Structures are given as structure tokens and as C-alpha cells.
There are 6 protein chains.
Amino acid sequence: MKKLVSLGELLMRLSCEDALRFSQVNNFKVAYGGSEANVLITAANFGLETEFLSVLPENDLGKSALNDLRNSNVGLNHIKFQGERLGLYFLEPGAINRPGKIIYDRQNSAFSKIDPEWFDWEEIFKDCNWFHWSGITPAISEKAAQVCLHAVETAKSKGIKVSGDLNYRGNLWQYEGANPKEIMSQLVDKTDVLLAGSYACSQFFDIKNIQNNSELSKALIQKFPALQRIAITNREEINASHHKWSADLFTESTLLSSTEYNIYPIVDRVGTGDSFMGALIYGLQHFKDQKALDFATAASCLKHSIVGDFNRVSKEEVFELIEGDGSGRIKR
Amino acid sequence: MKKLVSLGELLMRLSCEDALRFSQVNNFKVAYGGSEANVLITAANFGLETEFLSVLPENDLGKSALNDLRNSNVGLNHIKFQGERLGLYFLEPGAINRPGKIIYDRQNSAFSKIDPEWFDWEEIFKDCNWFHWSGITPAISEKAAQVCLHAVETAKSKGIKVSGDLNYRGNLWQYEGANPKEIMSQLVDKTDVLLAGSYACSQFFDIKNIQNNSELSKALIQKFPALQRIAITNREEINASHHKWSADLFTESTLLSSTEYNIYPIVDRVGTGDSFMGALIYGLQHFKDQKALDFATAASCLKHSIVGDFNRVSKEEVFELIEGDGSGRIKR
Amino acid sequence: MKKLVSLGELLMRLSCEDALRFSQVNNFKVAYGGSEANVLITAANFGLETEFLSVLPENDLGKSALNDLRNSNVGLNHIKFQGERLGLYFLEPGAINRPGKIIYDRQNSAFSKIDPEWFDWEEIFKDCNWFHWSGITPAISEKAAQVCLHAVETAKSKGIKVSGDLNYRGNLWQYEGANPKEIMSQLVDKTDVLLAGSYACSQFFDIKNIQNNSELSKALIQKFPALQRIAITNREEINASHHKWSADLFTESTLLSSTEYNIYPIVDRVGTGDSFMGALIYGLQHFKDQKALDFATAASCLKHSIVGDFNRVSKEEVFELIEGDGSGRIKR
Amino acid sequence: MKKLVSLGELLMRLSCEDALRFSQVNNFKVAYGGSEANVLITAANFGLETEFLSVLPENDLGKSALNDLRNSNVGLNHIKFQGERLGLYFLEPGAINRPGKIIYDRQNSAFSKIDPEWFDWEEIFKDCNWFHWSGITPAISEKAAQVCLHAVETAKSKGIKVSGDLNYRGNLWQYEGANPKEIMSQLVDKTDVLLAGSYACSQFFDIKNIQNNSELSKALIQKFPALQRIAITNREEINASHHKWSADLFTESTLLSSTEYNIYPIVDRVGTGDSFMGALIYGLQHFKDQKALDFATAASCLKHSIVGDFNRVSKEEVFELIEGDGSGRIKR
Amino acid sequence: MKKLVSLGELLMRLSCEDALRFSQVNNFKVAYGGSEANVLITAANFGLETEFLSVLPENDLGKSALNDLRNSNVGLNHIKFQGERLGLYFLEPGAINRPGKIIYDRQNSAFSKIDPEWFDWEEIFKDCNWFHWSGITPAISEKAAQVCLHAVETAKSKGIKVSGDLNYRGNLWQYEGANPKEIMSQLVDKTDVLLAGSYACSQFFDIKNIQNNSELSKALIQKFPALQRIAITNREEINASHHKWSADLFTESTLLSSTEYNIYPIVDRVGTGDSFMGALIYGLQHFKDQKALDFATAASCLKHSIVGDFNRVSKEEVFELIEGDGSGRIKR
Amino acid sequence: MKKLVSLGELLMRLSCEDALRFSQVNNFKVAYGGSEANVLITAANFGLETEFLSVLPENDLGKSALNDLRNSNVGLNHIKFQGERLGLYFLEPGAINRPGKIIYDRQNSAFSKIDPEWFDWEEIFKDCNWFHWSGITPAISEKAAQVCLHAVETAKSKGIKVSGDLNYRGNLWQYEGANPKEIMSQLVDKTDVLLAGSYACSQFFDIKNIQNNSELSKALIQKFPALQRIAITNREEINASHHKWSADLFTESTLLSSTEYNIYPIVDRVGTGDSFMGALIYGLQHFKDQKALDFATAASCLKHSIVGDFNRVSKEEVFELIEGDGSGRIKR
Ligand SMILES: [Ca+2]
Ligand SMILES: [Ca+2]
Ligand SMILES: [Ca+2]
Ligand SMILES: [Ca+2]
Ligand SMILES: [Ca+2]
Ligand SMILES: [Ca+2]
Ligand SMILES: [Ca+2]
Ligand SMILES: [Ca+2]
Ligand SMILES: [Ca+2]
Ligand SMILES: [Ca+2]
Ligand SMILES: [Ca+2]
Ligand SMILES: [Ca+2]
Ligand code: NI
Ligand code: NI
Ligand code: NI
Ligand code: NI
Ligand code: NI
Ligand code: NI
Ligand code: NI
Ligand code: NI
Ligand code: NI
Ligand code: NI
Ligand code: NI
Ligand code: NI
Ligand code: NI
Ligand code: NI
Ligand code: NI
Ligand code: NI
Ligand code: NI
Ligand code: NI
């Protein structure tokens, strides 16, 4: 089986227990996350072979992060141990009308010093049929942007399918010389399947005054004619504990739409977009478009019930939800 | 006061903390459960004298299980310590659209080796006015089925009221020579008050193509004319955290119906049927039919707010809910 | 900046973990609370200078209570250490249709022995522009009632604004010679801003057969003509985990009304009235009436998401909710 | 089998987790204790029939305390529910050279209002062959002292064996008219088996300038000639985590001595004296004096390894330690 | 690099928190263990390539067990998923003079149904240079004994080095036809390196009246002349929290001895023998005999500080202890 | 009362629960520390007025750190909120022969950007009679070194007593142009009371081949003739859980020595040197030299029993230990 490869930073997540605020905690729960790792783990759960490219610091925290990934069955043969600090993020989950909060502490991380020379790209892409990137990587550092572009170009040149997630983060892109519009355009230009959102498109590509997902998709395809599929997730936030969730997939001038899920009370919403992307990649390899969209929407609906960034649901569990069993009845 | 007696297996329940999945836990919360013990504890909470007949292994786990039961005020003078292992079940509670999961590990338990000779039936039934059985016991082993039938026949012959709960479990009934249809028919034939469900009736008694609870009740009475009351609970599962709950009671050709409760966010749904049965037994001894039904429905509604298999609510708390105070206002 | 001063008892709160009942717990979570301290902490969070007058026992529990208050930025220069026991309350939070329960254990507390001679009132009121009292203090002991009245009279005589919260508690007022109607009338008579409720008004002032908040306000003003503002909160309890919440403010013959918030699943409802009062005091000093009301309602809506009695939200967070962002979207 | 009966107050114990100080805790661990209950539970563990006489408040805390006792197999048929508060004590365990601390909060407890009329003494002493009291009960209130004396006199008059534990507590004896010397002399005068200590003897009986346990025993017997056995425990406190422990038993002019145990690192030293007493009562009923002493010393040595006030070791475990297996080797 | 292969059962370990007894726990801590897995993980930590042969049930518990092993870097390409239950053991750690207790619940486990046909022995032994077995495997079931013997014979026939650990467990060997003496003799007969103990040798081989480790070694070699190395660990149990630990290695008629370590307060002693064996296998491949013995003794000394069955120390940490730094000084 | 002022970085400490290793944790316990804050809190506990100068980031983590300090009663009127990240350190406590480990993650912290212009030195030193610095501050960044030197020079010029702690940390001093020897000499040159160690003196001042504390003191005074007192602590590490601890004070050519404390089992050894320094500063202001030394040694002995970096013992508790009560007997 050919592999899904992705490149990205792995972060330690330190989150508040129960509904406590930062000012109240005496303990942080430890987990790991990162958009690209989330995508791979989701896909690996469903049975894809995967390989994660990343850089971790040469200390016990870097090793612990790797150990945690290991039990997710993701390929880890190209992790580079180099540098001094593991990127962190602190999470205060929201409740009712109180928003969640994330404090990033990832500057100067081991990953931000990444170098294209550290990876054997020939070997990496030998058994690969799909490469995935996210807009977080080029936002971290100039080096990270270079490696990301290098990977996308190399993959494309080898005829490997490329997917991307725009993932706009206003608080990144802080390195000297950061030029989000240029690098993001170069990346999307070589991308086949894109997870997009209207705010990200306005920030990166000046696509504005958009009325609906169909218009957004058409505007994107006009700008990046190589795009074959555009996926857009729709989240209606009733409060921090209750969302509605659905998604659209634009394909050859048609907009396919999924069921809308009514999701409450939310357990953990971090990583839901990534779980959609991982499931979509799996779905597009195994199903027709509508079923791939339904599979990805159901998988990411289920992610809202899982503690941590990573989705831990099986293919069978997703199928049951698609087939209409959202009752949550106990399986004995 | 005469006693309510029941016979059944006590299991250790090992459940995941918070919303974690089996693959994520580092701790299991320990509790105890078992359909018949749940029924007795519910009734004992309301003030009935009770006696539990069971077999526990001769080790610290068996003794700990007994200790835990002791603080529930259930009579424990006929517990037999014999055998090697305590039956277990592992519980992963569901969340949102993700179903809960139960893994049973109860084969070859101390209880499964139960023998009618181990109990002094004369002494047991001397001060007894009600015997309760559930369809789980005959499903465990041939010996357990024999003891269950023996107890029901002896009770019946002494003019003791008999109740039963069909409790169909497809993953039990695995012993050699298991014949669910025969033994269940023999048991229900000597039963006065039955808790039934349409799926169980189709499996055990080939009662099929049933439109509603009234039809189901009539079909049962046709088959088992000695039945005096048939109770049926109705659960609408909106998701794993949100159910609607009501019940019907068929009595002398009339179908009485309870209020429907809207229950969210669910704390623990395991044991809710048993808490209905225990409250119904109490209710039928103290109230008219409609009030008995209302009492049982309200008691089991409240069970959804209680951690563990056992219901821990008082008579007064049930009355307050029946009288319409479902506001959950703090009592100071 | 002039200070907000209040006088009241600080209690240790011992609450059950998760959804456990008193009969199930092996641990109590420790927090501190008390109506007047809750008001001050809310106001201090928003930036008011505050001073808390109280009595704590001379032992490690009294000192720990003080330490906990210290990190709330409330002025603590007039705390008196004298006496033997800290008042306690035990909290079993409700769930679904099961009400919460509070057991008070505060009799003979250090605070109940309070003496007006222990405080330097000149010094206390020197930099004060607002004094707040609640109906709990005069309900504790005769001495506490005397000190409360002394403080209100002194504040009033110095031209300091006075607010009060009726806070009716049927299980207090147990000391010999307790006369709630008399002392409460004396206190409200010197009060400018009152937080009232219809049940409290019927108990304290025989104001009965009231149809709505407007009528209640008018009846109060007729009885206590010095009142300038009357606030009334409206709580609709759908179940213990789901409330609707709004408030009205009566001012110069007009009844202003806030938005109604739909609040679920509730994290902790204790102290929400106090957080309304603290925010109203802040609001009336900084905004026009309608905005003050909106600010107080939004602040107390957010309190339902905070663990413990004390509100821990910032001015900015309240403004965001007022401006319509109740989506609970993560802030990165 | 005849019963061991005792009378005393049951307290809720709220203790700090791990090695935290009062000023650091966010949770208290909940347990129950009380000298006389500790004695009964120890003896019940070894197989004695027991009955506990006590008063608990009519609220959920009183009921929870009773539930906890229930799973200790102690007879609870004469517990009186009356009054308002459960006595409490707060425990900060010591560590290394830092002493443990206990803060009592037991004044005005339900037990302190105890009345001899509340108990049916004829019924209580009908099947009793041993009554045990401790010096804590007469120190609580005048009523408690009266009931204690009444119980001892009644037991004595019926030829029931009486044991007592001096248990001097300087911070009790605070009620008006408390006269420790008089009441304690009256109690010991009717006692057969006494657990004594030199400090308690100097406080209660002015027995001073004592060189050793033999002298102390002789002085006691001179004063109270009815005493048949005097037990004295010896604790050498190297630090808060490391003690040496042994005991002596004075019997018919001979001083028997036990092995000395070297105990570290201590898990919980509260209740060790009571576990000695409970084991001694059991031992004196089943063994010769030296073996009874050895049994009691070994049982109380093991108590240092048990969390909570109550000893939870079996007869077999004590015998193994007596027979020299203090290795702590795992039993499989 | 050639691999170390072993065959054995993986158990879920459910252990009491803190110093609680079975009768006190409300939670079990979850870990995994098994003598042969412990050996492989120890060796994998030091850098050996390893492969674990085992059978796990086809359910979420089996998969979770595998996930946990995955983050230990042990080869898992030959795990068979088949059968219904995961073997369990319950652990109550000891404290002071109170022994630890283990309750096994492993009968009828998935592993006990193991079949030699399920494994591709040619493939397994292709890159293997060392096979390790323990006396637990032949004690589980007749099938397990057959597979163990088959593996040892096949390895031996291919010139692969074979090690074994006698691991006598009196409570196993319960299957019909179990003949410990015969099968153990067959196994040791083909073993090069043996971890032995005097009690096991008396039970399995009737080697009795042995004065010291030298005599024991000589008696073993007389019986099994193919043995090249015999290792014996020496544990002096002062109490459950304080042991002394050393080891001897018999090699070509010489008895080498290690340093004795003074170990207190013990964190977790389960798996220490296995950590010795894993380190010895590593040591014998990399060092001379004395250094191999020192390495294994130091590694297993450190295991006493690690929570769980598995040793989690690095080669560097072992070297530091060998070089005399047992000070436990903080590394910054 | 005049104040003790100090300047330093406050770090968040994330430590492993129980005896778990970094690779095992699912939670980190949160606390705060920093050598200079530790010194101030110790002294504030004993009753000194204190003021802490520091820089914290403008986010919820910075505010939470400040809140935590607030309940330590340290003056916080000159804390500067500026910058982006809070310095962190991760702690894996050691056990038995396994050393503890600290991973620092403090580069580019808010504090490292500190600027002398941010502080009003006139105002700060107005009511100050003692300034304390530690060798950690000049090791953080060039700016931090400048501010530290500026503070020491200003204090000295105003006749304020100056103390310092060499606190050698090999893994700091990483900024460009770092010159430890030069800046440390400048600082000690203006210092009256120094906490020194032989390794630090060899690294900073090339003082080598020292036989004992007396020689070390004399060598220091030769180099820095203004030094009036030199304190040296002596730690003998038997293992990670058992240390011996004493200290010497060199004063006017005499070496005073303290008692040696035998400390086991250690709860938390981090911050013990700082607790010595804080107590010494208090002691030198209130007692003669020998008593000041005894006070500081006993206070820091007790610190080993306290969870977290900060010492939380009272003056009275230290006196009790000095007076010979190291028994750890429970105080009731
Ligand atoms: Ca917590
Ligand atoms: Ca939890
Ligand atoms: Ca854990
Ligand atoms: Ca819990
Ligand atoms: Ca919890
Ligand atoms: Ca616990
Ligand atoms: Ca704990
Ligand atoms: Ca803790
Ligand atoms: Ca907490
Ligand atoms: Ca623990
Ligand atoms: Ca813990
Ligand atoms: Ca957790
Ligand atoms: Ni939690
Ligand atoms: Ni806290
Ligand atoms: Ni929880
Ligand atoms: Ni985990
Ligand atoms: Ni894990
Ligand atoms: Ni929780
Ligand atoms: Ni519990
Ligand atoms: Ni319990
Ligand atoms: Ni706190
Ligand atoms: Ni805290
Ligand atoms: Ni723990
Ligand atoms: Ni714990
Ligand atoms: Ni418990
Ligand atoms: Ni319990
Ligand atoms: Ni702990
Ligand atoms: Ni883990
Ligand atoms: Ni984990
Ligand atoms: Ni705190």
C-alpha cells in the first residue's frame, strides 16, 4: 500500500482540567497535537499507511512526544531529533457562553529550525501516493516555509496527489520577511484537494464579498485552476458546548453537501477540522465524492466526543453514524 | 415486614474516567452492578426489606464486592463464598453521537458454578412476600438456569408474588445446551409482574410484527395468562447524552402511561431499567397502579443523574419529581 | 480611586466531585464563598478598589481562607482573627432533574461573634464611596445584625452610596430574639440600590400578590422611598443543568429589561446572584442604567461557566458577550 | 456469640492529599473515625460481634457516616438520628521533621446532646459480654459524661467485662463544670482492662515521677484495685515518618513485653492506639496474656500501613507478622 | 542487527492507588505486564531489536494492550488477535510490614488457547540471535507449554542462543495433565543462560538442601550440562518498602558477585527480576561477564523506582549508577 | 518596618505526579518558583516586609503566576507586565537511586528582556534595608545582568545591606558576550552576606583545591574583603529520598556550624537552598550569628517536607525544631 505523507510540527498541549480557568488550575492535562499529525492519525486509524515528517528536540520531552505518537500507528522513520525546545500550547476549554482560549508558546521550537537537507526526499516519496500540507507550517519560520514548498514541489513533480488545509492563524507569520500571500499562492497552485474557509481566503488571496460556499469555490478555482476538489466545513456555534456541523465538497462545478449534525454537549472541539481532512483523504481514495464527504463529516462529528487533538474512532464507527445511528445506544 | 428476595450475579464494573475511550484510560473507576442487585438496592432505598442471593469468589475482590453492597442496606445473610473469579464488565460511556461500549468478562465466574444445594430455600422464603428474577441469570450457565427456575417454582408454590425482567442479552446464553425459549417460557409462566420489551419478546417468544405496547402486552398475556401486570419502558435516544424516557403499565386490559421525561445531559444510564423495576415493585406494594407507574418512571428518570449502576435516590426525592418539580433548584 | 466596602462571613465550601452524591464521595473539593465576598471579588475583577470586613478564626483554616482571598485582589486590611471555627457549607451539585443540595454548618462561627468595637469605622469609610450589605449578615447572629446596621448607618451618615441584597435564607435567623422584619426594614430604609426578589419581599415586608417585577418595584419604593434603583433577576429552571437567565432594573419609574440568556450545560450556579450584584455596582459607576443592567446580566450569565462561588471573568469578556458573541468560539 | 459494645462519637475526617499543607489543598480526602468506632471495627475484622452506640445528625452527612460504618460489619441497630451537625476533624499529616496537625471542629455536635433516655440499655446489654469506653466521651459534654458513666455502671452491675482507654485530650473538657479527675476516677474504678499512658495518668490522677511502665501500673492498681490488666503502648518518634512501636501488659504483678517494631515510612498513624485496644480485647478473649499482647502489638503495627482511622487487617495477616514475617513479601 | 525474540502472555494490571487496600479502592490504575514482555522492553530500551510473540483477544482491551506496548519500541509484527479475554492481575502493593498481594484472573485467556500453527517460525527466527522463555508460559495451558517447547527446540536447532527464567508460580500449572518437572527439564535442557532461584529448583528439579548460590549453580549444571551461565538474584526484604538487592553470575565454575544495593522507599517492585534478565541479555551481548552482571543488577535496582511492570531507564542512567552515583542528585 | 527587596525571574514549574517519569505522565502539577521569589516568600512567612521586582508576560499565564505569588504576602507593586512568554521548567523528581531531572525552557522569556528603565529605583529603595540577588539573574541575558548590577550598585550606594547567592547553573550563561567571571566578581564585590559553594567558587573565581568550608571562606574573603558573612550548606545525598543536611556560617574569622539533620523520605528538595537564604536574612536581622545559622538550617530542613519550590513553615515551627522536637508528633 502506498503512503500518505505529511510534514508538520508536533506540539505538547497543556490543558485545564474540568471547566477550570487558567487562573484556577493546579494541574495541566498533557496531550499532543498539531494539524498535520492529527490528519495522519485520523487516516491511520482508518487503515492508511502514513509517514510523519517532523523535528523534535533532543530531550525527554521530545522523546515522550514521539512515544505518544507511536501508539497511533503512524510511520515515524523520518523524525529528526535536533534542537532545544518542544513547541507548546496551553488550552483553556470554553463552557456555555465563555469562549475557549489558546495560548501558543511555540516560537524558537526545534521544528522552526527545520532544514530541507535533514530529509531524504527520494526515499520519503518512493512509496507515497498522497502528500498533505497545512498553512500552519509556512507560518512558523522561513525555514519551515522553504521545506513545505520544497516538499509540495517535489511531490507534485513525482505525480503524487497533494492536499492542503489553509488553516489561517493570525498570530503566526511573525518571522522577518513573512509573506503569507506569496507562499500560500505558490502552495495552493500545486494542490489538488484543498480545505478552505472564507476568512482564510480573504486573508491569503483577497477573495472577498463572497455569499456562499459555491461562490467561494468558484473564486478559488478561477485563481488556482489546478484544484480538483475544494472542501469547506460549516460550523454554527450556538454556544461553546453546542455546535451544528456540516460540510460541502466542490467537485467539477458541483457543490455536494453533507448532513448537518447537532452536537452537544461538546467534549473537545480541537482538531475537528483536521479529523475532517484525514477522513476526506481516506474517503477520496476509497469512495465516490458524496460518500467521501459524508464519511469525513461523520468522522469529524465524532471527533467532538474525543478527548485530545487526535481522533480515535474506527471506520466501522463512522459507518454506523452515516447509516443513521446517531443514538449513542450502548454496544454490548 | 416481609422481604423482597432476588437471585443474581454481582459484577465488578470498571469504567473509563471522564469521556475517555478504552484506548486512552490510565485508570478505571470501580463500581459494582448486576440487574438483580440493582433492583434490590433501589427497593431497599425506599424502605423495603430485601435479601440478595448470590455467589462470590473466596478472595479479596469477592469480599470487597460484598462490603460495597453492605452499605446499601440489602440483606446479605445468604451470600455463598465459593469459587475463583468475580465476573467483570468494562464500560466506555458514550458521548454525543458516539455510543457507549460494554465488554463483558464474566465467563467461568464464581456465580456461574452456583448450585441449588447451597441455599436453604425454606429459610429464605420464610419471611418473603415477593421474589424477583431477571433473564440474565438463566443466560449465564446451566446451573444458574436451574437455580433460577428452582427459586421461581418454590416461590410460586408458597404463594409468593413473582416478578421478572426479560433482559435479553444476545452475547450471553453461550453454554452448551442453552435453550432460551424453553427456560424463559417456564419462568414467565410462573410470573405475576413482568418487565418486557419488544425485541426480547421477539427473541424469546417469537412475538413479532407488534405495533405498540398495547399489542405487545396482549400477545404476552395470551401466551402467559397468569401475568397480572406488564410494564414496558420507552427510551428515545436523541444522542448518547440526551434521551426521552417514559413507561407504560398494562393491567387488566388497560394500558396506563406515564409522563415523558426529557433527560440531558445524562450522567450514567446503566441500571436505569433495573431502577424502574425496583421502584415498580415498591410502588405496586404501596400505591394504586397509575401512581406505581409514575413512581417507577420518576425514580428511573432520576437514576440517569446518578454515577454507578445503583440508584441512590430517596422516596421523597421521587415524590418531588412526580409533583412536578423537575427544576433541579438547589435545596438549602 | 474610592473603595467599595462590604461586610460579611467567608465560608469554606466543600463540594462533591463530578456528579457524585454526598453518600458517594471520597473527596470534597475545597473552595471559599460568601455573598458579600463574591460581590467584592466580582467588582475587583473589573477594576474597583475594594475592602472586605470579616472575622476569621485564629487557626490554619482561617489563614488558608484569607490566603485564598488574597489572590482575588480584594483589600484585606481589616480582617479580624478571633474565635474558633470557620463557617462551612457542603454542596452536592444537582444534575438533570435532581436538585442540588446545600448543608450549612456555620453556627457558632468566628464571624457570628463579631463586635462593632473590632473595626475602626472612621478609617474604613475614609476612602469609601459605596457600601454593600446582604440579608445574610443580619440573619447570622444578633451581634452580626448590630454590626451590619451600624455599618449601614455610618456609611449613610457620611454620604456613601449604600446597596443591599435581600438574600432571604429561611434556615438562618435562628438566634434568640431574631426579628427579620424589623432589622431588614431598618437596613433597606437607608439603602440606595437594592437587589430584590418576590419571595424575599413577601417574607420580610409582607409584600404579596405581586404580578410582575414592575409591581414589585413600585411596592418597594412605596415602602422605602429612598430607594433609587431596584434590580430583580429572573431565573427559569428547565432542569438543574439548563436555565434561562435575565434581569430587570427599575429606575425612576421605568423598568429596564436585559436580554435573556439560554444557559446549558451549567458548570456552577452558586454565586450567580452575587456576581450580578458586583457587576451592577461596577456598572452603575461607569455606565448608563441600561448598559449597567446589560453588563450585570452578561457577567452573571458567564458566572454559570465558572467553578466555585467567585466570578473570574474580565470586563473585556463581559463586553464581548454583550456585543453578541455568545458563540464560545476559541480565542487564539 | 456475645457482643462487644461501645459508645462514642463518630467524626468526619477531612485530610490533606499527599504531603500538602492546609494552606495548599484544593481537596480534602473524606474518611470517618472516632476512638470507640475504631476499636469496634478492629475487633469486628477479627470476628467479634459488636454493637456501636452513637448519635448522628439527621442529614445527608449523618447518613453517609452511617453508610460508611455499615461496610465495616459493626452492629448499628442502636444509632440515634437526632440533632444538627456531624463532628469534624481536619488532618494535615506530618512529613519528615514536620509534625502532623489536627484541627477539631466538634463542638455542639449531634453527639454532644446525647441523652441516656435515648437508649434501651436492657436490650443493649442483653447479649453483651464486654463494654468498652474511652476518655474522649466524658470530655465532650456533661451529657456525654453522664451517658458514659451510666453505661459503665450498668455493664458492671450485670457482670459484663469493662475496658477503657484514658485517651487524654487537653483541648476537650471545655464544657461548664467539667471535672476530669472526678469522672475519670469513677470510670476507671469500674474498669477491668485499661489502656493507660503516663501523661494521661499525671493529668487525671496526679500519678507523677514515674520511672517506667511497671511503676505506672503499680501506681494505678494501688489507686484502682479492681483493675485486672493494664496495657501501655510505647512509641518512639524518630521523625513523623519513622516510629518504633511496642507495648507492655501488666497482669497480676507481672509486666509482659512485646517485640519492638521498626515502622517506616508511615502511611497513617491515626487510630493506631485504638487498633491496639480492639485487638487486645479480641486477644484477651481468645489467647493467653502474652499472645494477646503480641497480637495487639502486631495488629497496631500493621495499622500504620492503612489509610484512614480504621484498621483493615485480618487475623491471618496479624498472625503472619507475629510469626516473624515482617518482610512484606508479595502474596500471590 | 539480529533480534531478541520472546513468547509470552501480556496481562492487564489493575493496581490500587496510593497505599489503599483492595477493600478501599474506588479506582484501579491500569498498566500492562508479563514477564517476557518486561524482558523485551528492558532490552529494547537499551537498544536491542526485539520481537514479541503473543495472543491478544479481538476486542478493545486487546487493542489497547497492543497500543501500550507500541510505545515501548518492541517489535509487534507477529501478535495474533484471536479469542475472547485478556488475562488480568490485580495488585495491592504492600507497605511497611504489610505484604503486597496479587490476585490473578488469567484462566481461559486468549493466550491460553495459543497454537503453534498461528506463527511462521521460519520468518520469526530468520533475523533472530537470541530466544528467551520463562516458566510462566508452560504453566498456563497445555497448548502454551507445547508452543514454548516448540519455540525453544526450533531456536536451538538453528543455533540461536536460548535463555530462560524459571519463574516458579505455585498457583499456575492448573491445567489437566500439567507436569512441571518434565516440561521444565526439557526446556532447561536446551537453555544456555538461566535465571534460577533455590525455591524454584527445589520445586521443579528436586534440588534441595542447598547452602548457597555456588552449590545451587553446580547442582544445576550437573543436571543440565549445556548451561553456560546461571544467574541468581538475592533479595533481602527488610520490610515491604525496604529491600537489599544483589545478584550472582555463575560462569565456567566461577561465581561472580555484584554490589549490594540498599533500596528504600520502594516505588514498585513488580518486574524487577525481569528487568534484571533483560539487562543481562543485553549485557552478555556487549560486555564481559562481570560488567554484564553489574549492568543487570544496577538496571534492576533502578526498576524499583519505576511505576509499572516495565523498566524505563536508559543505558546511560544504568552506567551512572554502576559508576557509583547513587546519590539521586538532580540533573539539570 | 523596612523591606527586603529582590529581583528575579518567576518560572512556572510543571512536575510529574507521584513517581512517574516524563515518558509516563498524563498530567503535570503546576507550581511557581524562582530562586529570588523563594527567598522572599520564606522571609515574608517569618514576618519581613518584602518587595519582588520582576517581569511577567501580558497573558493569562503571567497573570496566573502573579495571582499565585499574591497569596504569599510578598509585595508586588513593581511587577512589570511586558513581553510574550513565561519561563518554564519541567521537573521529574527522583526516587531511590534514580536522580531527579530538570528541563529548563526559559529562553526568550519576558524577564530576559528586562530593562533598568522599567523600574523606579528611588521609590523602590526608599523603604528598603536589604537587597538580595542570585547568580541566576546575570546568567539569563545581558539585560538581566545589567539590571542586577545596577540594583546592587544602587543599593550599596544607599547603604543598604546586600546579600547574594552564587547559584551556579552551567546550562545558563548562554547569551552572546556572557562573562560570568567578570559580572559575578563585580556583584560579590558589593555584597555583605554571601551563600557560596565550592563548585560555584571554582567556576566563577578559580578558587580551587579547597579542603573545607573554612578554607573556602578565607579564600573568598581574601578576594572580596567587603564580605561580612559567608554561609555554606552541606548536603550528603545518600539517595534521592534520603539526605543529610547542615550548614556553616563564617563570621569574623570564625566558622560556626549547625546541627546535622537526617532527612527522609524527602517530599520535595527543590528550593531548599533558597529557603536557607531567606531564613538566614531573617535570622541575621533578629538573632545572634549562631542562632541565625540554626534558624536557617532548621527552616531549610523543614522545606524538604513541603510540596513546591516555596517554603511554607512558620517561625514557631522552626523554633520547635531548633528546640529539639524533630519527632513529628501530631499537634492537636
Ligand atoms: Ca483539580
Ligand atoms: Ca477525572
Ligand atoms: Ca497515571
Ligand atoms: Ca472520581
Ligand atoms: Ca474529577
Ligand atoms: Ca481516594
Ligand atoms: Ca493524590
Ligand atoms: Ca495533588
Ligand atoms: Ca481544584
Ligand atoms: Ca497518588
Ligand atoms: Ca496523583
Ligand atoms: Ca485523565
Ligand atoms: Ni476530570
Ligand atoms: Ni487553586
Ligand atoms: Ni472526573
Ligand atoms: Ni493516556
Ligand atoms: Ni498511556
Ligand atoms: Ni472532575
Ligand atoms: Ni466511592
Ligand atoms: Ni468509600
Ligand atoms: Ni488555590
Ligand atoms: Ni493550590
Ligand atoms: Ni495517583
Ligand atoms: Ni492520591
Ligand atoms: Ni471508598
Ligand atoms: Ni466507595
Ligand atoms: Ni499524588
Ligand atoms: Ni500513560
Ligand atoms: Ni498516554
Ligand atoms: Ni493555588
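What you are looking at is a predicted structure, and each value in this text was computed from that prediction instead of being measured. Order of the sequence lines fixes the chain letters, A, B, ..., with proteins taken first and strands second; residue numbering starts at 1 for each chain.
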Original post:
Is Gln24(A) reaching over with its side chain to a backbone N or O of Arg21(A), donor-acceptor style, under 3.5 angstrom?
Top reply: yes
**OP:** Indicate yes or no: does Glu260(C) engage Arg235(C) in a salt bridge with an N to O separation below 4.0 Å.
**Re:** no
Original post:
With no hydrogens and no angle check, is any side-chain donor or acceptor of Ser6(C) less than 3.5 Å from a backbone partner on His132(C)?
Top reply: yes
Subject >> Presence of salt bridge, Lys101(A) and Glu317(C), under 4.0 angstrom >> reply: yes
Original post:
Thinking salt bridges, do Arg269(C) and Glu237(C) make one under a 4.0 Å N-O criterion?
Top reply: yes
Original post:
So, Glu92(A) and Arg98(A), do they make that salt bridge, N to O below 4.0 Å?
Top reply: yes
**OP:** Measure Ile103(A) against the heavy atoms of chain C and call it side chain, backbone, both or neither at under 4.5 Å.
**Re:** neither
Subject >> Proximal component of Ile263(C), with respect to chain A [non-hydrogen, under 4.5 Å] >> reply: both
Subject >> Leading residue by heavy atom contact count with chain C [cutoff under 4.5 Å; candidates Ala240(A), Pro99(A), Pro93(A), Pro265(A)] >> reply: Pro99(A)
Subject >> Side-chain (Asn239(C)) to main-chain (Ser241(C)) donor-acceptor, under 3.5 angstrom >> reply: yes
Original post:
Of all the residues in residues 286-305 of chain C, which have a heavy atom that comes within less than 4.5 Å of a heavy atom in chain A?
Top reply: Cys301(C), Leu302(C), His304(C), Ser305(C)
